[in-house]
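In what follows, a single structure is set out as structure tokens and then discussed.
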Amino acid sequence: MATGVPLIDLQDFPSQSQKLIEACEELGCFRIINHQIPITLMSEMKSVVRSLLDLPMEIKRRNTDAIAGSGYVAPSKANPHYEGLGLYDLGSADAVQAFCTQLDASPQQRETILRYSQAIHELAMEIGRKLAQSMGLAGDLFMGWPCQFRINKYNFTPETVGSSGVQIHTDSGFLTILQEDENVGGLEVMEKKSGAFIAVDPSPGTLLVNLGDIATVWSNGRFCNVRHRVQCKEATIRVSIAMFVLGPEAAAVEAPPELADSEHPRLYVPITFEDYRKLRLSTGLRAGEALELLRTPNS
Ligand SMILES: O=C(O)CCC(=O)C(=O)O
Ligand SMILES: [Fe+2]
């Protein structure tokens with residue numbers, strides 16, 4: 001049952017810095033332990049999320065897009081067993097409140113969603129600081145960056161076993177923090193070197209981090225934007241909670257000067273997250289291939 005996903009103890013820095021950077025470079029995926037989000041909050045949030053996803057379709061449809069694809073996604077031809085609810089800008093208490101209002105959340109549900117969103121947002125900022133420090137950089141890498149939140153439900157049935165819940169893709173932003181289903185596996189991450197998929201088995205109480213395309217741009221090609229997919233392994237409902245750290249609000253993403261010099265020329269032209277997202281949407285390149293369109297002339 002080897003998962004091959006490195007474990008990072010968030011309370012053991014700077015000792016774990018090298019391990020963190022290696023995980024970002026080699027797999028683009030790691031599992032966090034000691035993240036300080038209470039396990040009770042994680043399980044309360046999971047049960048709130050399950051009830052929101054069980055709401056009638058007409059209520060779920062009130063969760064409209066703030067940016068393309070940020071709201072309710074109904075089952076479709078491409079992903080017939082998948083549906084999700086979401087919100088843009090998890091760091092904004094107003095956006096979180098608006099999401100709760102759209103879905104008629106009870107006061108108790110609202111309280112859990114607010115506490116969870118604050119805790120996961122703080123954790124993302126902490127990971128940003130640890131990443132910057134581990135790369136020898138000062139400052140707060142993700143401060144002020146918009147984050148997207150998505151709760152995913154896979155309606156797996158006996159007929160769907162062996163088929164795909166979500167097609168192979170990379171995440172477009174810098175990184176994703178995932179609270180997986182505590183019982184149902186199915187997530188698979190691709191090892192860059194071999195092209196082989198590694199099954200990510202659930203590990204309750206921990207959180208999984210996947211790096212996306214923006215991390216590759218920012219790190220001047222050092223960090224791996226991990227390809228991943230969700231396979232249906234068993235005929236049961238699977239629920240996961242994802243928080244995407246996207247990119248800076250308006251500024252173009254580019255490698256900091258420390259990561260680009262004459263020996264390591266910039267591999268990608270600077271681009272805003274917004275323009276990169278549009279590029280992915282317009283080209284339909286969902287598995288990181290759009291990065292090739294950003295290559296600098298001599299790289
Ligand atoms: O449900 C999961 O485990 C992963 C979902 C995912 O890859 C995504 O939302 O981008
Ligand atoms: Fe993903």
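Throughout, residue positions are numbered sequentially from 1 according to the sequence presented. For ligands, and for the atoms within them, numbers begin at 1 and follow the listed sequence.
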Report yes or no: does a heavy atom of V166 sit under 4.0 Å from some atom of ligand 1?
no
Determine whether any heavy atom of R238 lies closer than 4.0 Å to an atom of ligand 1.
yes
Region of [X] engaging ligand 1 - heavy atom pairs below 4.0 Å:
{"X": "D181", "value": "neither"}
{"X": "T176", "value": "neither"}
{"X": "H169", "value": "side chain"}

Short side-chain donor-acceptor distance under 3.5 Å, Q109 and T112:
no
Donor-acceptor pair between E159 and T157 side chains, under 3.5 angstrom:
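Side-chain D/A pair, E159 to T157: present.
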Report the C-alpha separation of E292 and R295 in whole Å, then their side-chain angles, then the decisive distance to 0.1 Å, and conclude whether the salt bridge (charged side-chain N to carboxylate O under 4.0 Å, His left out) test is met.
CA-CA 5 Å; E292 291 309 309; R295 283 276 186 174; 3.4 Å; yes
Would the distance check show the side chain of K19 and the main-chain N or O of L7 forming a donor-acceptor pair, the cut-off being under 3.5 Å?
yes
Does the N or O separation between R150 and ligand 1 drop below 3.5 Å for any pair?
no
To the nearest 0.5 Å, what is the distance between OG1 on T160 and CD on E234?
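Separation between the atoms: 10.5 Å.
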Counting from 1, what ligand 1 atoms have a heavy atom of [X] closer than 4.0 Å?
{"X": "N152", "answer": "1 (O), 5 (C), 9 (O)"}
{"X": "V230", "answer": "1 (O), 2 (C), 4 (C)"}
{"X": "L178", "answer": "2 (C), 3 (O), 4 (C)"}
{"X": "Y154", "answer": "1 (O), 2 (C), 4 (C), 5 (C)"}
{"X": "H228", "answer": "7 (O)"}

Could R62 and Y72 be counted as a cation-pi pair, given that NZ or CZ must be under 6.0 Å from the ring centre and within 45° of the axis?
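No, R62 does not lie over the aromatic ring of Y72.
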Take atom CD of Q108 as the centre, draw a 6.0 Å sphere, and report whether it contains more than 12 heavy atoms from other residues, nucleotides or ligands.
no
For the Fe ion (ligand 2), which N, O or S atom of D171 is at the shortest distance?
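So the atom name we want here is OD1.
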For R129, is there an ion pair with D140 - N to carboxylate O distance below 4.0 angstrom?
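Here D140 pairs with R129 in a salt bridge, since their nearest N and O are under 4.0 Å apart.
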